[in-house]
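Report on the structure given below.
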Amino acid sequence: MRRYLTPFLFLSPATLLILLFFFTPVVATILLSFTDLSTTTFKNPSWVGLKNYQDLLADPFLKKIFLNTVKYVALTLAFNVGMGLLLALLTSLVPERYGDPFRALWLLPRILPPVVYVFIWQGLLAEAPMGLVSDILGVSKNWLVAAPWTVVILANGFVGASFGMLIFTSAIRSISRELFYAAAVDGATTWQTIRRVVLPMLAWPILFVTAYQTLSLLTSFEYILLLTDGGPGFYTTEVWSLRAYHLALSNYFGNVEFGLGAAMAAVLVVIGVVVSLFYLKIFNFKALVTEPKIEIY
Amino acid sequence: MKAGRYVLAAVLFFGLALAQKTITLKAWTIGPDDPSITRLKNLEAAVERLNALLEIEGADYRVKLEGDFDTTDWDPYLRRVLLAFQSGEAPDIVQASAAPLIGVWATAGYIAPITAETSKYGTFKDVFPTLWNAVTFKGEVFGVPQDTEARPLYFNKTLLKKLGWSDAKIAELPKMIERGEFTWDDMLAVAKEALDKGVIERGKGYYHRPKNGPDFHMWYRAFGGTSYDEATGKLVFDQQAALRYFTWLKKAVDAGVLEKDRLDGNWSRFHENVTSGKVLFFSGGTWNWAEWKTQWVKDKGGEDWLWQNFGFAPQPAYKKGGKPITLSNPQAYMVSANSKHKELAAKILAFVMMPDLDARHAVGSGHLPVLQATASLTGDRFIREVSYLLNYTTFAPQHPDFPKWQDALYRGVSAVESGQVSPEEAVRVVAAEMKRALKDQVMIK
């Protein structure tokens, strides 16, 4: 009994938090998704079983929204990880006094409140004479409406890239100097050093950033909500989580469907779990967490 | 002796003052347009008047109002109200669109019926009778009309002149629309001509609102659609009418008269282009007139500039000889079901039903009065000249599921306008979405 007491004491705070803030909402969402809870039935919701899920499958727009989500997550993720890696490598190759301020600059989008950040984007992309992009290009267009996907991905990407940048930079910094010296002695070019020394050492951070960003992109919709609200036009940039939000919390005359929205959210939970397992599999998680065969001191 | 009497009086006075209760009521109101702040200011004035009367009556309580006026948008406001209702912390008085919100909230049990109160106070008797329909649900009155409005088709007189129209012809345009001689197709032809002759830029022949709203239901009805069946109490979707409407939208986009991305969600851009005189025809609301006057053309001459440049008419019919249309979305004050002071809240609403307050709101915000006495009281030219549109008005059906109906129709409009699907396909998509969301509550014709 005593054997388990110490680990239990150490694990219980985190376990409690996970139960309270992660597990309970998931259970609540799933339970909600089996009810017809909406504005009008709030006082007397009834149990409807799988009806909300049947409704979802019958939704003629669901395929479009699903494909939008795949597009949004894949492209933004590629930008976030790629740009984060590029920034980390570039700023690590130059002396710290140049690299550090440059990295700080890339943190700006992240520390700005989303509403302010989106206002800046909208301002830049407006028609001439207000919009800077229109002014510079000499073509007066509302660029947000003309190229909504590019804007959505860039606006999210500029925020997301700094996350990867920070993680990768610290990972690069923690690579033992001796490895670089050894590579230099062997006559490796910069590219070869990156390819053969740095990148293999970054496998774990890349897995972490990829997995973490995939999951957060699946559920994040605030920048899309503020930029396009799923438009312009017909579900052009509406993604799964935004649709769930629209169903559960937003309607012109305020008649919202919590049950249906919860069903969409529950599907997202399942997708999230499946994606996580997939990542663990392809990045060979077990091998990553085994003890290293060589230790460098 | 005398001093003793003063002391006694003072003791009595302060004693009374201490015994006097202050009852605090909360009220939430929304524009979202800035000039509609009188929706709150009028409530405050009513409370002041009520307190003055309580003073005279020597009542042992006074009323304090904690008011809030929202200028963000309907969506966040209604979400806030909904969450407040659900957590049992709703304000005593809530203002919102009468139809269909009264249907939605009364069904949910969030608002209290006030039928008895509205027949108790005399001030309610002067309300335009038709407006009571908008606040009545299943035979009970659930709100007090706050204002109403109409949604005109505006036209730019200066641009029409550039196109070669005479003053007489421009002045005749609203009458032609009333008689059903100038239809949506005629409007499209005029706008196309303006584009071809370089009078307007591409896409600026016709503007409508940039996001979801009750107007799309109005245009669907302008194209001959019905949305509600009185006999069964069910919503209706008329596929032929929707097809006519969607086809018109497609023709307008293809002709370069209507922007493909008109639904860009940006009201500022709408007002900016309209008030810089670039747009030939545009559907808006009467309250836009107040916004333009006070916010957009203030430096150009204010209302005079509007009279010189803009004219208004009902929304045209879709075929020759048809009836034009507009839509009113009356606002109402409602009393929440969990209020501890329902009687008092209703009393405040009785004090708000004063012609001077009604007039102040109508003139200041470009809405139309709810009291019959007000119309004669105000000398405002716009109110006087635009009020005839109410002869052509329609309301949203008081059906709790109407919001879903409207959302589905709006999706169809956005799909056609952005060129993502054909009008025929859009009708099918809307019908399918309505069937999914409304089940047996909608009849697809």
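The sequence lines fix the lettering, A, B, ..., with proteins before strands; numbering per chain opens at 1. As the structure is a prediction and not an experimental result, all values here were calculated from the model.
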Contacting moiety of A:D229, where chain B heavy atoms sit under 4.5 Å: neither

Tell me, side chain or backbone of B:S414 under 4.5 Å from chain A's heavy atoms, or both, or neither? both

Given a strict heavy-atom distance threshold of 4.5 Å, which part of B:D407 is in contact with chain A: side chain, backbone, both, or neither? side chain

Interface moiety of A:F61 toward chain B, non-hydrogen atoms closer than 4.5 Å: side chain

Non-hydrogen atoms of chain B under 4.5 Å away: do they reach the side chain of A:E257, the backbone, both or neither? side chain

Which bit of B:Q406 is near chain A, if near means a heavy-atom gap under 4.5 Å: side chain, backbone, both or neither? side chain

Heavy-atom distances under 4.5 Å only: say whether B:Y410 touches chain A with side chain, backbone, both or neither. neither

Contact class of A:N142 relative to chain B, heavy atoms under 4.5 angstrom: side chain

Could you tell me which of A:D55, A:T228, A:T236 has the largest number of non-hydrogen atom pairs under 4.5 Å with chain B? A:D55

With B:R436 as partner, the option from A:L56, A:L260, A:L57 fulfilling side chain to side chain contact (heavy atoms under 4.5 Å, CB included) is A:L260

Cut-off 4.5 Å, heavy atoms of chain B, and the answer for A:K141 is neither

Name the region of B:P214, side chain, backbone, both or neither, that has any atom closer than 4.5 Å to a heavy atom of chain A. both

Quick one, B:F85 and A:T39 - any side-chain contact, counting heavy atoms below 4.5 Å? no

